[in-house]
Amino acid sequence: MHADFDAFYASVEQRDFPELSDRPVAVGGSPSKRGVVASASYEARKYGIKSAMPMSTAVRKCSDVVVVSPRFSVYREVSRQVMEVFRDITPLVEPLSLDEAYLDVTDVIQQNVTPPQIAKKLKESISSDLGLTISIGVSTSKSVSKIASGINKPDGLTVVRPGDEISFLHPLPIEVVWGIGPKSSEKLHNLSINTVGDLSAQPIKVLSDIFGSNAMYIKNIANGVDLRPVITQRERKSISSETTLLVDTSDRGDLTEIVMRLSGQVADSLIQKDIRGRTVKLKLKRSNFTTLTRQKTLLEKVQISSEITESALELLNYELKNSDEKYRLIGVGVSGFSSAESLHDEMQLRFEGL
Ligand code: TTP
Ligand code: MG
């Protein structure tokens, strides 16, 4: 199953401030500060207001829109709660972001309990425990479930039965496939490739020109072939936290503050899972959408916020010294948890300590 909150930030605001329910709400940065929309309520979407749109455009589209500043700590808490509700059903939960996750319910299915029933019960629990609606897709694979959860929003439940994957996927527009952004979608439309079915029928050569080494992955997805397992946090190779800024910035003070906040979030997660990592990574996406990552491998593993912040800021300062770009996304991550190699290194260090 793939589960995703409907208009996540906006719905939390409507839940907590009932005077906003039924109103067009846009959560995000202020229109006067060149802010963007992070989440639009379904009432606001009727006016064409969408995520990532400048807030000034949103106000132009609907002068009645209620602009709300985000309350990130509340969204994080709701996210923690929903992941707990998911884990009451199965330990095999793979969060993709604050508001969405894959759940592998294979082992939960019994003779009298079908996957659609599990999904229905989950929607009811979330509605009664959290006062929010979620959309769920159910199928035999991650990609089909993710697409299915997106097509009947809000409050949707879409089940694609085994064997129906192709008939479900092929009439859909290519944009439903994760990894097909505006650029590749334009190229595909120019070649009259408009539906997932059209995509699935292309020779691999055509797809390679557009998707490079991801061509086979895309072709398989278009054919409903996706064998990726659900990976729980415990098995993760890295733990990271990233944020898209409401306004692009090159301000060192702002960037430092964000890196500190993200390092704190990563530390919370490491402490919660009782793991430490040796490599600290900084990810930056520039205004022009190019992404760079810098990483630093340490002698000793880190876990607490100050240790991660120190390395992440070192990487940030190195980057800022060499560039005066504006940035639109920042991420901090820690990896290198317990490979045989690092375990070996750790033993060495311990022996040296003795
Ligand atoms: P989404 O699940 O993409 O959007 P949504 O939950 O608001 O709406 P829906 O799923 O019903 O289409 O993203 C989840 C949250 O992530 C969203 O509420 C706010 C945040 N977000 C941003 O901050 N910027 C963005 O550009 C996007 C797409 C999301
Ligand atoms: Mg959502």
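Ligands are counted one by one from 1 in listed order, and the atoms in each one are counted from 1 as well.
Residue contact annotation: Tyr42 has a non-hydrogen atom under 4.0 Å from ligand 1. By the 4.0 Å heavy-atom criterion, Thr244 is excluded from the residues contacting ligand 1. Contact annotation: Pro154 has no heavy atom less than 4.0 Å from any atom of ligand 1.
In terms of N/O distances under 3.5 Å, ligand 1 is not approached by Ser51. At least one N or O atom of Phe5 sits closer than 3.5 Å to an N or O atom of ligand 1. Checking only distances, Val37 never comes within under 3.5 Å of ligand 1, N or O to N or O. Polar contact with ligand 1: present for Phe8 (N/O pair, distance under 3.5 Å).
Arg261 forms a cation-pi arrangement with Phe72, by the criterion of a distance under 6.0 Å to the ring centre and an angle within 45° of the ring axis.
The pair Lys187-Asp209 does not count as a salt bridge, with every side-chain nitrogen at least 4.0 angstrom from each carboxylate oxygen. Salt-bridge check for Arg80 with Glu77: passed, with a basic side-chain N closer than 4.0 Å to an acidic carboxylate O. One finds no salt bridge joining Lys301 and Glu307 here, because no Lys/Arg side-chain nitrogen approaches an Asp/Glu carboxylate oxygen to under 4.0 Å. A salt bridge does not link Glu325 with Lys285: none of the charged nitrogens is closer than 4.0 Å to a carboxylate oxygen. With salt bridges taken as basic N to acidic carboxylate O contacts below 4.0 Å, one links Glu319 and Arg294.
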Under 3.5 Å donor-acceptor pairs involving side-chain atoms of residues 1-9, not counting sequence neighbours:
from	atom 1	to	atom 2	distance (Å)
His2	ND1	Ser149	OG	2.7
His2	NE2	Glu100	OE1	2.7
Asp4	OD1	Lys153	NZ	3.3
Asp6	OD1	Ser135	OG	2.7
Asp6	OD1	Lys153	NZ	2.9
Asp6	OD2	Thr133	OG1	2.7
Asp6	OD2	Asp155	N	2.8

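Given atom 2 (O) of ligand 1, the protein heavy atom at minimum distance is Asp99 OD2, 3.0 Å. The single protein non-hydrogen atom nearest to atom 25 (C) of ligand 1 is Ala38 O, 3.9 Å, given as residue, atom name and distance.
Counting the atoms of ligand 1 from 1 in the order shown, those under 4.0 Å from a heavy atom of Asp6 are 11 (O). Applying the 4.0 Å criterion to heavy atoms of Asp4 picks out, from ligand 1, the atoms 2 (O), 10 (O).
How far CG of Asn223 is from CD1 of Ile218: 12.0 Å, rounded to the nearest 0.5 Å.
Using a 4.5 Å cut-off on side-chain heavy atoms (C-beta onward), Leu245 and Arg328 make no contact. Between Thr90 and Asp107 the shortest side-chain heavy-atom distance does not fall below 4.5 Å. At a threshold of 4.5 Å between non-hydrogen side-chain atoms, the residues Ser311 and Leu298 count as touching. With contacts defined as side-chain heavy-atom distances shorter than 4.5 Å, the pair Val36/Val247 does not qualify.
For atom 8 (O) of ligand 1, the choice among Lys50, Arg45, Lys153 with the nearest heavy atom turns out to be Arg45. Among Ser39, Gly28, Gly156, Ser79, the residue whose heavy atom lies nearest to atom 7 (O) of ligand 1 is Ser39.
If you look at Tyr9 next to ligand 1, the close heavy atoms, those under 4.0 Å, come from the backbone and the side chain alike. The proximity of Val27 to ligand 1, defined as any non-hydrogen pair under 4.0 Å, does not occur for either the backbone or the side chain.
Protein heavy atoms are absent from the space less than 4.0 angstrom from atom 4 (O) of ligand 1.
For Glu19, the CD atom sits in a packed shell: over 12 heavy atoms of surrounding residues, nucleotides or ligands are nearer than 6.0 Å.
Less than 2.8 Å away from the Mg ion (ligand 2), the protein contributes these N/O/S atoms: Asp4 OD1, Phe5 O, Asp99 OD2.
Under the 4.5 Å side-chain heavy-atom criterion for grouping Ile, Leu, Val, Met, Phe, Trp and Tyr, Val108 is connected to Leu103 within one hydrophobic cluster.
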